[in-house]
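Written below as C-alpha cells is the structure these notes are about.
Order of listing sets the numbers, starting from 1, for every ligand and every atom in it.
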Amino acid sequence: MSQNNVLFVIDKPYKKITCFLFFLIAFSSLQPFASAQESSLLDGTVYVDNAPIKTEYALRDGHMMVPALFFKHTGSEVDWNQEYQSVVFRFGQTHVAVASGKEIMTVKNEISNEWKNEPLPIAPISADGHTFVPLVEVAEKLGLQVTYDTEKKQTLVQNPQPKTTHRIGSGNPDNMQVALTFDDGPDATYTPKILDILSEKGVPATFFVVGQEVGKYPEMMKRIVEEGHGLGNHTFTHPQLPKITSIEVLQEIQNTQKALAESVGKKPDLFRPPYGALTRADEELATEKGFRIVTWSVDTLDWTGLSGEEIFLNVQKDISPGGIILQHNVDANPGMLDGTVEALPKIIDDLHARGYTFVTVQTMLDGS
Ligand code: NI
C-alpha cells in the first residue's frame, strides 16, 4: 500500500496530526541535508592532468574545499609552516600560504622575495585533522588551469608544464633479463631464507629496504651487499606518501639514504614508493634529488598470503623480457610470506629454463 492510500483512508483529525508530523519529519530531515552540503566531508573525484583523483571535499558558500595535500597531485609541493600555522604551496617559483579561518592568502613576490596578503573569498577550514582550502582560488593563484565541465559535471585541474618525470616499471624488452625484487625488509625471518635460496641458485636480487629496519639487522644488510644483491630505497617508515607533506617525503627518503650509508656505505639511486603510491609532486621531488623511481611489471601479490603455487602462477602469467617482479621479505602477519619462500626456487628454475638471466635492477637499467 502506498503512502497516498494511507492518507486517503484516515479521518480528518488524524490527517491534521499526520500533516504536522510530516512537516516535522521533512523539516528535521532537511537540516542534516543542509549541513551535509555546507560542512560535512563528501567523497568526490577531481581530474588532475586528465587522471581521476579521488578526494574528500567540503562545500562552503559554493566553494569546493579540498585537503591542502590534494595539491601534491597537481605537482605543487605542500608543506606546513609551524610558526605561522599555515599551509605553504610551492609551484615552480610561486609560493602561496593560507591559514585556517583566515580570508587571506599570502603570496610571495618572486622579485622582492616579500610576502604580500591578498584577499581570499573563503577562509580555509580545519576538518578531520586536515586543512581544507578553496580549490579554484588556490589553483589559479599557483598558475594551474581549472575548468569545470558542466556536461560531465567534472572539475579539471591542469598543470601547464608537461610531465617530464616517469616511473620505471620494467627494463629493456629486447633483453632476456628479469629482476627479482623484495620489499619492506630487512628482517630476521624471511630475509635469511630468501638469501639462502638466492645464494644456492646463484642469482642476484634487489632489496628495497625500509630505513628504520636497516639498523636493526646489520648482519642481513651485510649479507645482501656481500652476496652481490642490489639495494633500493623504500622510505624510512613506509608511509602513504600522498598523505604526508613534501618535506616529510624528502625526510623519508634522505633518512633511509643515511641509514644505508651508515650500515653498508651505499647510497642507491633507486627509489620505490610504498604501495606504488606517489603524487606528481613526490615524483618530481625524488627525481630532482637524483632518484630513479622503480615500480614493477609483475605483482606476485605474495603479501596477501598466497600459496607458493599461486605466486608461481602469477609470475608465469605476467613475466616478459625486462620484467621486474615484486615480492616481499617482511610479513604483516606471521606466516604470510611462506608462499614467497616456497615459490622462489621454482620461479628461478622455470625462468632459467626459459632462457632468462637474473640481474639486479641496477644492472637491468644501466645495461651492463
Ligand atoms: Ni612496501
Residues two or more places apart in sequence or in another chain: which of them pass side chain to side chain contact (heavy atoms under 4.5 Å, CB included) with Gln158?
Asp49, Asn50, Gln145

Answer yes if Leu69 and Val66 sit in the same cluster of Ile, Leu, Val, Met, Phe, Trp and Tyr residues linked by side chain heavy atoms under 4.5 Å apart, and no otherwise.
yes

Return all side-chain donor-acceptor pairs below 3.5 angstrom for residues 323-330, not counting sequence neighbours, or 'none' if the list is empty.
unit_1	atom_1	unit_2	atom_2	d
His328	ND1	Asp302	OD1	2.8
Asn329	OD1	Gly185	N	3.4
Asn329	ND2	Thr191	OG1	3.0

For residues 343-352, which side-chain N or O atoms pair as donor and acceptor with protein atoms under 3.5 Å away, sequence neighbours left out?
unit_1	atom_1	unit_2	atom_2	d
Lys346	NZ	Glu309	OE1	2.7
Asp349	OD1	Lys201	NZ	2.9
Asp349	OD2	Lys201	NZ	3.0
Asp350	OD1	Gln316	NE2	3.4
Asp350	OD2	Gln316	NE2	3.4
Asp350	OD2	Arg354	NE	3.3
Asp350	OD2	Arg354	NH2	3.0

Which protein N, O or S atoms does the Ni ion (ligand 1) have within a distance shorter than 2.8 Å?
Asp184 OD1, His234 NE2, His238 NE2

Passes side chain to side chain donor-acceptor pair (under 3.5 Å), Asp149 versus Tyr47? Steps please.
CA-CA 10 Å; Asp149 186 328; Tyr47 287 76; over 6 Å; no

For ring-ring contact (aromatic ring centres under 6.0 Å, His included), just list the numbers for Tyr275 and His238, CA-CA rounded to whole Å, side-chain angles, deciding distance to a tenth of an Å, and then say yes or no.
CA-CA 9 Å; Tyr275 317 102; His238 206 268; 4.9 Å; yes

